[in-house]
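Everything on this sheet refers to the single structure shown next.
Note that this is a predicted model, so its numbers are computed, not measured.
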Amino acid sequence: MYYIMVYDVNVKRVNKMLKLLRKYLNWVQNSVFEGELSDSQLERLKHEIKDIIKSNEDSVIIYAMESKWLARDIIGLEKKEIGTII
């Protein structure tokens, strides 16, 4: 399954969230990641996210798609080209 994750967390936890999501997904731009994950990877990632965030202050939104987006328009600067996760 292909996922897009968007997060809004307290500045105290931004670096931890950034580091975690970079392990699993491709960074697109500030607080936005995307990529392919298996069911087990998604569950592991959700568990690790819950260890980082404070549910009364932070939020993470996960969009799931059957496959990668069909088209993608970028208006302005593309901060990072989507690559392959190692």
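For Ile52 against Lys16, the heavy-atom pair with the smallest separation is CD1-O, 3.7 Å. Here the closest non-hydrogen pair linking Tyr3 and Ala64 is CE2-CB, 3.5 Å. Taking both residues in full, the closest heavy atoms of Phe33 and Leu21 are given as CD1-CD1, 3.6 Å, listed atom of the first, atom of the second, then distance.
Applying the salt bridge (Lys or Arg N to Asp or Glu O under 4.0 Å) definition to pairs two or more places apart or across chains, those involving residues 47-56 are Lys23-Glu48.
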*Quick one: do Ile49 and Met5 satisfy side chain to side chain contact (heavy atoms under 4.5 Å, CB included)? Show the steps, please.*
CA-CA 11 Å; Ile49 288 170; Met5 291 197 184; 4.2 Å; yes
Fill in: Worked verdict on Val60 versus Met17 for side chain to side chain contact (heavy atoms under 4.5 Å, CB included)
CA-CA 10 Å; Val60 178; Met17 185 62 72; 4.0 Å; yes
* Verify side chain to side chain contact (heavy atoms under 4.5 Å, CB included) between Tyr2 and Ser67, making sure each step is shown before the conclusion. => CA-CA 5 Å; Tyr2 201 82; Ser67 62; 5.7 Å; no
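For Ile75, there are no side-chain contact (heavy atoms from CB on, under 4.5 Å) partners at least two apart in sequence or on another chain. Applying the side chain to side chain donor-acceptor pair (under 3.5 Å) test to Asn10 and every residue at least two apart in sequence or in another chain returns Glu57.
A 4.5 Å side-chain heavy-atom check between Leu25 and Glu34 finds every atom pair outside the cut-off. Side chains of Met1 and Met65 form no contact here, defined as non-hydrogen atoms less than 4.5 Å apart.
Remark: Asp73 CG is loosely packed, at most 12 non-hydrogen atoms of other residues, nucleotides or ligands lying under 6.0 Å away.
Atom CG of residue Asn26 and atom CD1 of residue Ile4 lie 11.0 Å apart, to the nearest 0.5 angstrom.
In the hydrophobic clustering of ILVMFWY residues, with side-chain heavy atoms under 4.5 Å counting as a link, Ile74 and Trp27 come out apart.
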Side-chain donor-acceptor distances from residues 40-47 under 3.5 Å, at least two apart:
residue, atom, partner, partner atom, Å
Ser40, OG, Ser38, OG, 3.2
Gln41, OE1, Ser38, N, 2.8
Gln41, OE1, Ser38, OG, 3.3

